[in-house]
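Before any comments, here is the structure.
Per chain, numbering begins at 1; letters A, B, ... match sequence-line order. These values consider heavy atoms only, across backbone and side chains, with no hydrogens, waters or symmetry-generated copies. Computed from a prediction, not measured in an experiment: that's the story for all the values here.
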Amino acid sequence: MLEKKFNPSAVENDLYHLWEESGFFSANPEQKDKKPFAIMIPPPNVTGTLHMGHALTMTLQDTLIRWRRMQGYDVLWQPGTDHAGISTQLVVDRKLSEKGIDRKSIGRDKFIKHVWEWKAESGGEITKQLRRLGASLDWKRERFTMDEGLSEAVKKVFVTLYREGLIYQDKRLVNWDPVFRSAVSDLEVESKEVNGHLWYIHYPIENSDQIITIATTRPETMLGDVAVAVHPENAKYKHLVGKNIVLPLTGRLIPIIADEYSDPEKGTGAVKITPAHDFNDFEVGRRHDLKLITILDESAAIDISELSENEKTEFVLSLAGLPRDKARKQIIAELERLEILEKAELHRNQVPHAERGGAIIEPRLTTQWYCDAPTLAKPAIEAVQTGKIKFVPKQWENTYFAWMRDLQPWCISRQLWWGHQIPAWYGPDNHVFVAYDENEAKEQAFKHYGKEEILRRDEDVLDTWFSSALWPFSTLGWPNDTAELSRYYPGNVLITGFDIIFFWVARMMMMGTHFMKDIPFETVYLHGLVRDEKGQKMSKTKGNGIDPLEVIDEFGADAMRFTVCALTGPGRDIKLGKKRIEEYRSFITKIWNAARFCEMNEVKYDPSFSTNDVKLSLNRWILGELSQAITDATSALEAFRYDEYASVCYHFTWDKFCDWFLEFAKAAFQNEDQTIVKETRAVAALVLKTLLQILHPVVPFVTETLWHEFNFGQKGTLMVSSWPDATPFATVKTKESSEEIDWVVRFISDIRTLRAEMNVPPAKFISAYLKDANINTLHYATIWGDAIKRMARVDSIEPLQGDLPKDSAQTIVNEATVILPLAGIIDIDAEKVRLNKELDKIADELTKLNTKLSNENFIQKARPEIIEESRERLTQLTHDKERVELALKHFK
RNA sequence: GGGUGUAUAGCUCAGCGGGAGAGCACUACCUUGACAUGGUAGGGGUCACAGGUUCAAUCCCUGUUACACCCA
């Protein structure tokens, strides 16, 4: 016997372990008779804990994976985690400082040892949590971006790209995080608008009493000014071009130059140029061959070492070592004292901030490793243009193109300790040797120098995204030629959030097309973000997040999964509150209760039962509906329409199976004719079994539980059962049965409506008469008598003999009029109102239809089937109108 | 400043060139032998606004407004 209530927490762990231990999650490249289907998990940070975003993306992936597995594919869902450079380093750093250990004092090697120890202890948290979701990942193949094989792949890629000239060192401005003291890529910088000032400063012109006023938001960088730029067409300043400025504070002589970068409309139209501390100024400097003077150190404090001796005035010396904001205050005060600060305006500044950590980013001149992304992007762009890779929803392709066509070189080196150390060594003269290992580097050095030299390894590590870019092939064993690689590359679909298109998706496409000479996946499905009920982004700081593990504890994994699926429309963020999950939990309960009802009525699976034997209309009808549901569910999944898939499951289960089939079956189960009872039981079992199968991908736990409770298969085997085929159910003759069931449904519904509107107490059974009913209708009324009586609460259904009883309510079902004698109950005025309302509605419709049909243009130009349809509706409505009018006449 | 998306019932969202839909919420009634996490019935919408195309527009096109996001 099934428990009265479904208790998810009692079954989830057991079932999951059973599945995992049975090896059902495992891909097998040797299964040549099966087609492969592969999805690479977006590797969560090894430091991560499960949040709603994971719950969303993993549910969508698992649903697809389970469905394809049932369809008979050899499915690989590749799990793993990302070493997450900065995050992990920070986590371990914090742990160590709690113990009073300073990272720098123990040195790099010891620190990295600590990180690995931390990973061994706490790194598996997220993978345990993914199991709670029911995610059917192939855990035996779990990988880590820092494990040996993947590190090999990283090295191979780096060395190869270097030798191809696609990785190189360059000294240029880079986004510098002065807190982490590391370079970061353009993508990791977000510009934020903050309140600041625009300062107007007088710059005196050499050998003259004239001045030029420049406007700046960053006066502290004036120590590094090397020019003042004006627009070449700017009449106000044209004559000054070529003259020199005596730069305040340092006394440096700098030229006034003409450059279109200077916008005459902004500030004063004259701008100071500081090429070592501003990306635009850097370009100006390059065009005019200006000197680069760095005046900030790696922590963004004033550094005057590049200033010449005579520039180091007493004031300038006093600035040395000051953080940039303090230096700014000092300089402003000094300019005021010198009376060359004209004014300060309030100003909204765009200030670059580090996405991680939030530090204000400082453009900084350093030597870094770069990857030639623009070149690698070309085949990746082409793959989308030619349709080899498709984005779903398609509009993301535009975003992708826009970004890919305007790529900057990708800065791939980071000044961190945790990560893939760059395989580059330097000789005493800083000549660089890129090699697989130190021995190879030494060989190169020997050839280069003609003797052995001591080499120093590059300290830097690679951007975390560099290794994740290789994920689709590095996890499969590349650079070795493995069975997995040839079978599961390219993957079928990548499912992830749109927020990492550039970080991850695009880079996998670049690396994949370059190294594998083939796309990494055929389809990119991009889902939205999970937001709270109000549409706010969930975040730790706001505290508006929902913990998926709490949700699972409270409502069960199935409820959460179904909710996520149901809410995942195309190209939309999803707004999620606990309330929504609670709502959809009712659906899980409904499935459970429907199953309990079946069990109580001795619904049992009969493998020998064939759908060809089905005789009863009710049974033929539900099989037809089931066939439709299978078709719809399948095509919804094929189109990544998770909302539609959920909706098909929901409505078939609730509206068709529970509300009508099981309700009608109540009468059938009580029938004296045992063949009827037997057939209905067998069909109920078949429908329930199939229903569990189409529901399984999204709600695996409740379905798998019912699967073995009903003995549809051994415990845990639903997930490897075959995805149902709609055809055998569709071949059961269902058309006539549909007409019949549709009639009964309409008949019952209409009587219910009448009863409700006439306020007939539910407990009261009434009589029903049929007027003008044809022979079919009368036949239906007879054979469905029991069900109708129970469900519409009538005690007799008979053809009307003689006159219309007094005080009757009437309604029209197809050709017949249904008459309910309600003497003593009916409120005649209310009935008149109701009928008149009905009449108005029909009249409105008729007017519209008549106008349309008398329009010659419509008759000439509209599609014939539309015209035919309109004519049919006109006939039907005219008929209905007559009936209602007749009913009204009765009261006169 | 450039780009993308969204605007449909009180809320959250589907939909579609030809009769406005779902879930929840709401109202009324019902503890009928699976389920009150339930059942039955009902109310509720100028499909953001303004033009255009069309026999026909909530749907296609243009513009406007509002909101969200991305890029600079």
Side-chain angles (χ1 to χ4, degrees), chain A residues 2 4-6 186-187 190-191 279-280 350 352 393 395-403 406 498-499 501-502 528-529 531 533-537 555 559 563 566-577 579-580 582-601 603 641 643-644 646-647 650-651 654-655 657-659 662-663 665-666 669-670 748-763 765 790-793 841 844-845 848-849 851-863 865-867 869-870 872-874 876-877:
Chain A
L2 291 175
K4 182 133 199 228
K5 284 181 180 172
F6 175 56
D186 299 348
L187 278 175
E190 55 179 349
S191 97
F279 286 99
N280 289 312
Q350 293 294 332
Q395 81 239 13
W396 288 111
E397 288 180 6
N398 289 328
T399 312
Y400 170 81
F401 286 138
W403 187 72
D406 188 30
F498 61 79
D499 49 326
I501 293 183
F502 307 139
L529 260 44
R531 299 169 177 278
E533 306 100 311
K534 292 173 202 145
Q536 303 253 316
K537 232 169 159 173
F555 305 106
T563 307
L567 298 182
T568 298
R572 243 191 220 264
D573 288 347
I574 74 170
K575 288 180 199 166
L576 193 70
K579 218 179 137 234
R580 306 305 300 273
E582 197 181 348
E583 281 164 24
Y584 281 110
R585 196 229 345 225
S586 308
F587 177 59
I588 310 295
T589 310
K590 189 75 181 177
I591 300 169
W592 187 258
N593 282 316
R596 274 182 68 221
F597 175 74
C598 288
E599 188 189 42
M600 286 172 189
N601 284 284
V603 166
R641 284 301 303 265
D643 56 338
E644 240 175 70
S647 163
Y650 186 97
H651 287 110
W654 209 308
D655 301 349
F657 187 61
C658 292
D659 285 354
L662 290 183
E663 288 302 325
K666 281 176 183 174
F669 288 146
Q670 303 304 317
I748 292 171
S749 300
D750 282 5
I751 294 178
R752 281 170 170 172
T753 305
L754 265 187
R755 292 180 58 117
E757 298 214 345
M758 293 298 113
N759 286 316
V760 181
F765 280 77
R790 206 178 44 76
M791 292 168 75
R793 309 193 71 72
K841 225 161 128 187
D844 271 4
E845 279 284 310
K848 270 193 223 165
L849 272 174
T851 315
K852 199 190 247 185
L853 283 164
S854 57
N855 181 344
E856 270 183 44
N857 279 323
F858 174 70
I859 303 297
Q860 272 172 20
K861 297 187 180 173
R863 289 201 317 272
E865 62 267 33
I866 297 292
I867 300 172
E869 205 182 288
S870 300
E872 273 170 26
R873 266 179 58 218
L874 185 77
Q876 181 63 41
L877 282 169

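Note: CG (A:D573) to P (B:rA68) measures 13 Å, nearest angstrom. As a whole-Å value, the separation of A:E582 CD from B:rG38 C1' is 15 Å. Atom-to-atom, CH2 of A:W403 to P of B:rA72 comes out at 10 Å; the value is rounded to the nearest Å. The nearest whole Å value for the distance from the CG atom in A:D655 to the C1' atom in B:rG38 is 14 Å. The nearest whole Å value for the distance from the CD1 atom in A:I501 to the C1' atom in B:rU4 is 11 Å. We find that CD of A:E190 is positioned 12 Å from C1' of B:rC70, with the value rounded to whole Å. Between the CG atom of A:D499 and the C1' atom of B:rA68 there is a distance of 15 Å, rounded to whole Å. The CG-P distance, from A:L567 to B:rU12, rounds to 12 Å in whole Å.
Taking every heavy atom of both residues into account, A:S191 and A:Q350 meet most closely at OG-OE1, 3.1 Å. Considering every non-hydrogen atom in both A:K666 and A:R790, the closest pair reads CB-NH2, 3.6 Å. Contact detail for A:L874 and A:L853: the closest heavy-atom pair is CD2-CD1, 3.9 Å. Closest non-hydrogen pair, A:L567 versus A:I574, comes out as O-CG2, 3.1 Å.
Looking at the side chain of A:R873, the nearest of the listed nucleotides B:rU37, B:rC24, B:rG19 is B:rG19. Comparing B:rA20, B:rG38, B:rG5 by their nearest atom to the side chain of A:S586 picks out B:rG38. Considering only side-chain atoms of A:R641, the nucleotide from B:rA68, B:rC24, B:rA14 that sits closest is B:rA14.
Between B:rG19 and B:rG23, the two C1' atoms lie 23 Å apart (nearest whole Å). When the C1' atom is compared between B:rU27 and B:rU64, the two are found 39 Å apart, to the nearest whole Å. B:rU4 and B:rG18 are spaced 32 Å apart, taking the C1' atom of each and rounding to whole Å. Remark: the separation of the P atoms in B:rG33 and B:rA28 is 24 Å, to the nearest Å. Separating the P atom of B:rU58 from that of B:rG5 is a span of 22 Å, rounded to the nearest Å. Rounded to a whole angstrom, the distance from the P atom of B:rU8 to that of B:rA50 is 16 Å. Taking atom C1' in both B:rU46 and B:rC55, one finds a spacing of 23 Å when rounded to whole Å. Remark: the separation of the P atoms in B:rC16 and B:rU31 is 43 Å, to the nearest Å.
Among the protein residues, A:Q860 comes within range of no part of the nucleic acid, since none of its heavy atoms lies under 4.0 Å from any strand. Among the protein residues, A:K5 comes within range of the nucleic acid bases, having at least one heavy atom under 4.0 Å from a base atom. Here A:T399 lies out of heavy-atom contact (under 4.0 Å) with every strand. A:F587 comes within 4.0 angstrom of no nucleic acid atom, judged by non-hydrogen atoms across all strands.
Summarising the base pairing, B:rA7 is matched to B:rU65 through a Watson-Crick or G-U wobble pair whose two defining distances lie under 3.5 Å. Base pairing of B:rG1 is made with B:rC71, judged by Watson-Crick or G-U wobble geometry with both donor-acceptor distances under 3.5 Å. The base-pairing partner of B:rA34, taking Watson-Crick or G-U wobble contacts with both distances under 3.5 Å, does not exist among the strands shown. Base pairing annotation: B:rA41 forms a Watson-Crick or G-U wobble pair with B:rU27, both donor-acceptor distances under 3.5 Å. B:rA14 makes up no base pair with any nucleotide shown, lacking Watson-Crick or G-U wobble contacts both under 3.5 Å.
Between A:T589 and A:F6 the shortest side-chain heavy-atom distance does not fall below 4.5 Å. Side-chain contact between A:C598 and A:F657 is present, with at least one heavy-atom pair separated by less than 4.5 Å.
In this structure, the ring of A:Y650 has its center less than 6.0 angstrom from the ring center of A:W654.
Of the residues near RNA chain B, A:D643 and A:A756, the one whose nearest nucleotide (by heavy atom distance) lies more toward the 5' end is A:D643.
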- [ ] Give the B/S/- string for nucleotides 26-35 of chain B, one per nucleotide from 5' to 3', where a protein heavy atom under 4.0 Å of the base yields B, of only the sugar-phosphate yields S, and otherwise -.
- [x] ---SS-B-BB

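Between A:F597 and A:F669, the ring-plane angle classifies as tilted under the 30° and 60° cut-offs.
Salt bridge absent: A:D573 and A:K575 never bring a charged side-chain N and a carboxylate O closer than 4.0 Å. A:E533 has no carboxylate O lying under 4.0 Å from a charged side-chain N of A:R580, or vice versa, which leaves the two without a salt bridge. The existence of a salt bridge linking A:E582 and A:K579 is excluded, since no basic side-chain nitrogen approaches an acidic carboxylate oxygen closer than 4.0 Å.
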Can you give me the N/O atom pairs linking the protein to nucleotides 52-56 of chain B at distances under 3.5 Å, or say none if there are none?
unit_1, atom_1, unit_2, atom_2, d
B:rC55, OP1, A:K861, NZ, 2.3
B:rC55, O2', A:N855, ND2, 3.0

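Contact between the side-chain N/O atoms of A:R531 and the OP1/OP2 oxygens of B:rC13 is not found at any separation under 4.0 Å.
Annotation for A:E856: atom CD does not count as buried by contact number, only 12 or fewer foreign heavy atoms lying within 6.0 Å.
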